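The structure under discussion appears below in the form of structure tokens.
Just so it is clear, the model here is predicted, and its values are computed rather than measured.
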Amino acid sequence: MEQNISQSTIEIIKKYNFVFQKKYGQNFLIDGRVLDKIIGAAQIGPDDCVLEIGPGIGTMTKRLAEAAGQVIAVEIDKNLIPILQEVLGEYDNITILNEDILKVDIPALVEQYNGDRPIKVVANLPYYITTPIIMGLFESNVPIDNITVMVQKEVALRMQEGPGSKDYGALSLAVQYYAEPYIVANVPPNCFIPRPKVGSAVIRLTRHKEKPVQVKNEQFMFRLIRASFNQRRKTLQNALHNMNELSLTKEEIVDALQTMGLSETIRGEKLSLSEYAKLSDLLCKE
Ligand code: SAM
């Protein structure tokens, strides 16, 4: 199977004189076992509508179309569109859109194709825009069941870490606020053409039915979190005080830390999501 995908990928590239564009993060997956793991982890069934970001030459799109009710594939590279149209020609449940996913009105797209029912998102992501894509999906409040994506291995680790780890940061907290992360598989560079310089991993983010913490002002909490990790080496007190946009006095910060029973010298990387939510409620004046 792997040999077939690798061969057919090379044949398609030759046939269309396709030139890989580094700026679009084009590393095509050529390992059938990894494709199976992605499709299995995403738990796709015939009633599902799947949004695929960056279908490339359509290798994964075919499998998605066979498992799902319908697939919407959004590809930025116009040179890939004729290839996709030919390779996927026999499927009548795939819509190919030549768009930049960061500019697409995803809620409108999902409503058009799936009403208010939740979709599943599957992608071998272009690594240069992993975070804006994932955060954009969560923050836009599109109805989503889960997001199953290939990302850089380090990024997958960061998404699932907790307080105290060196990989724990703003991304971990943001992802865990919206979803339950689960690393499905580690994927070495030889599973792609061309080979990326970094290791990869498939991660599934299952959206929480209910948020794990309640917070009065979500935006303020995320501003606090970003401020804490922007100056990681500083104490939380100094990092927050130095952020002018928050307009917090040292006294207010120390009072809040004391109310929570936390040390005045604690660093942001020690706080859990629920502690950030509490701190945010204590400090938010809006
Ligand atoms: N899904 C294919 C596979 O697994 O072989 C290709 C994955 S490749 C890592 C990333 C794909 O995303 C490429 O086809 C690239 O052109 C596309 N892409 C990059 N930036 C994009 C964007 N902003 N919007 C939509 N597609 C994008």
What's the spacing between L64 CG and L88 CG if we round to 0.5 Å? 10.0 Å

Can you measure from CD (E252) to CG (L257) and round to the nearest 0.5 angstrom? 12.0 Å

Ring centers of F222, Y177 separated by less than 6.0 Å: yes

In Å, rounded to the nearest 0.5 Å, how long is the span from CD of Q214 to CG of D281? 9.5 Å

Rounded distance (nearest 0.5 Å) linking atom NZ of K62 with atom CG of L84: 10.5 Å

Side-chain donor/acceptor pairs under 3.5 Å, residues 150-170, sequence neighbours excluded:
residue : atom : partner : partner atom : Å
S165    : OG   : D167    : N            : 3.0
Y168    : OH   : L271    : O            : 2.6

Looking at E245 and R226, does any basic side-chain N land under 4.0 Å from a carboxylate oxygen? no

Donor-acceptor pairs under 3.5 Å, side chain of residues 180-205 to any protein atom, not counting sequence neighbours: which ones?
residue : atom : partner : partner atom : Å
S200    : OG   : Y127    : OH           : 2.7
R204    : NE   : T206    : OG1          : 3.4
R204    : NH1  : A41     : O            : 3.0

Show me the side-chain donor-acceptor pairs of residues 49-61 shorter than 3.5 Å, one per line, residues at least two apart or across chains.
residue : atom : partner : partner atom : Å
E52     : OE1  : T61     : OG1          : 2.6

Using modelled atom types and a 3.5 Å cut-off, is there a donor and acceptor pairing between side-chain atoms of T9 and backbone atoms of I5? yes

Tell me whether K278 at atom NZ has more than 12 heavy atoms from other residues, nucleotides or ligands lying less than 6.0 Å away. no

May I ask you to check whether F20 and F28 place their ring centers less than 6.0 Å from one another? yes

D48 side chain to G45 main-chain N or O, any donor-acceptor pair under 3.5 Å? yes

Do we see a donor-acceptor contact under 3.5 Å between the side chains of E139 and Y178? no

So Q43 and K120, side chain to side chain contact (heavy atoms under 4.5 Å, CB included) or not? Walk me through it. CA-CA 9 Å; Q43 296 160 345; K120 290 181 172 161; 4.3 Å; yes

Could you check N124 against V34 for side chain to side chain contact (heavy atoms under 4.5 Å, CB included), going step by step and ending with a plain yes or no? CA-CA 11 Å; N124 170 14; V34 177; over 6 Å; no

Are L248 and L283 close enough that some pair of their side-chain heavy atoms sits under 4.5 Å apart? yes

Give a yes or no on whether L240 and L273 share a hydrophobic cluster (residues Ile, Leu, Val, Met, Phe, Trp, Tyr; joining criterion: side-chain heavy atoms under 4.5 Å apart). yes

Can you find a heavy atom in the side chain of K250 that is under 4.5 Å from one in the side chain of N238? yes

For the side chain of Q7 and the backbone of N4, is there at least one donor-acceptor N/O pair under 3.5 Å apart? no

Side chain of N98, backbone of I76: donor and acceptor closer than 3.5 Å? yes

Within a reach of under 6.0 Å around CD of E111, are more than 12 heavy atoms found that belong to other residues, nucleotides or ligands? no

Contact check, side chains of I72 and I119, non-hydrogen atoms, under 4.5 Å: no

Atom OG1 of T265 and atom CG of L262: how far apart are they, to the nearest 0.5 Å? 10.0 Å

Ignoring hydrogens and geometry, is there a side-chain-to-backbone donor-acceptor pair from Q26 to Q21 under 3.5 Å? yes

What do you reckon, is NZ of K22 surrounded by more than 12 foreign heavy atoms closer than 6.0 Å? no

Answer yes or no: is there a donor N or O on one side and an acceptor on the other, between the side chain of N146 and the main chain of A42, under 3.5 Å? yes

Given P107, which partner from the list V110, V104, D105 fulfils the side chain to side chain contact (heavy atoms under 4.5 Å, CB included) test? D105

Is the backbone N or O of Q176 less than 3.5 Å from a side-chain atom of H208, with the two atoms forming a donor-acceptor pair by type? yes

Please determine whether side chain to side chain contact (heavy atoms under 4.5 Å, CB included) holds for the pair M221 and L173, giving the CA-CA distance in whole Å, both sets of side-chain angles, and the decisive distance to 0.1 Å. CA-CA 10 Å; M221 177 177 77; L173 285 155; over 6 Å; no

Between N114 and Q70, is any pair of side-chain heavy atoms under 4.5 Å apart? yes

Stepwise side chain to side chain contact (heavy atoms under 4.5 Å, CB included) test for E218 and V215: CA-CA 6 Å; E218 235 173 69; V215 59; 4.3 Å; yes

Got a second to check how far K37's NZ is from T148's OG1, nearest 0.5 Å? 14.0 Å

Are F220 and S280 packed together at the side-chain level, in the sense that at least one heavy-atom pair is separated by less than 4.5 angstrom? yes

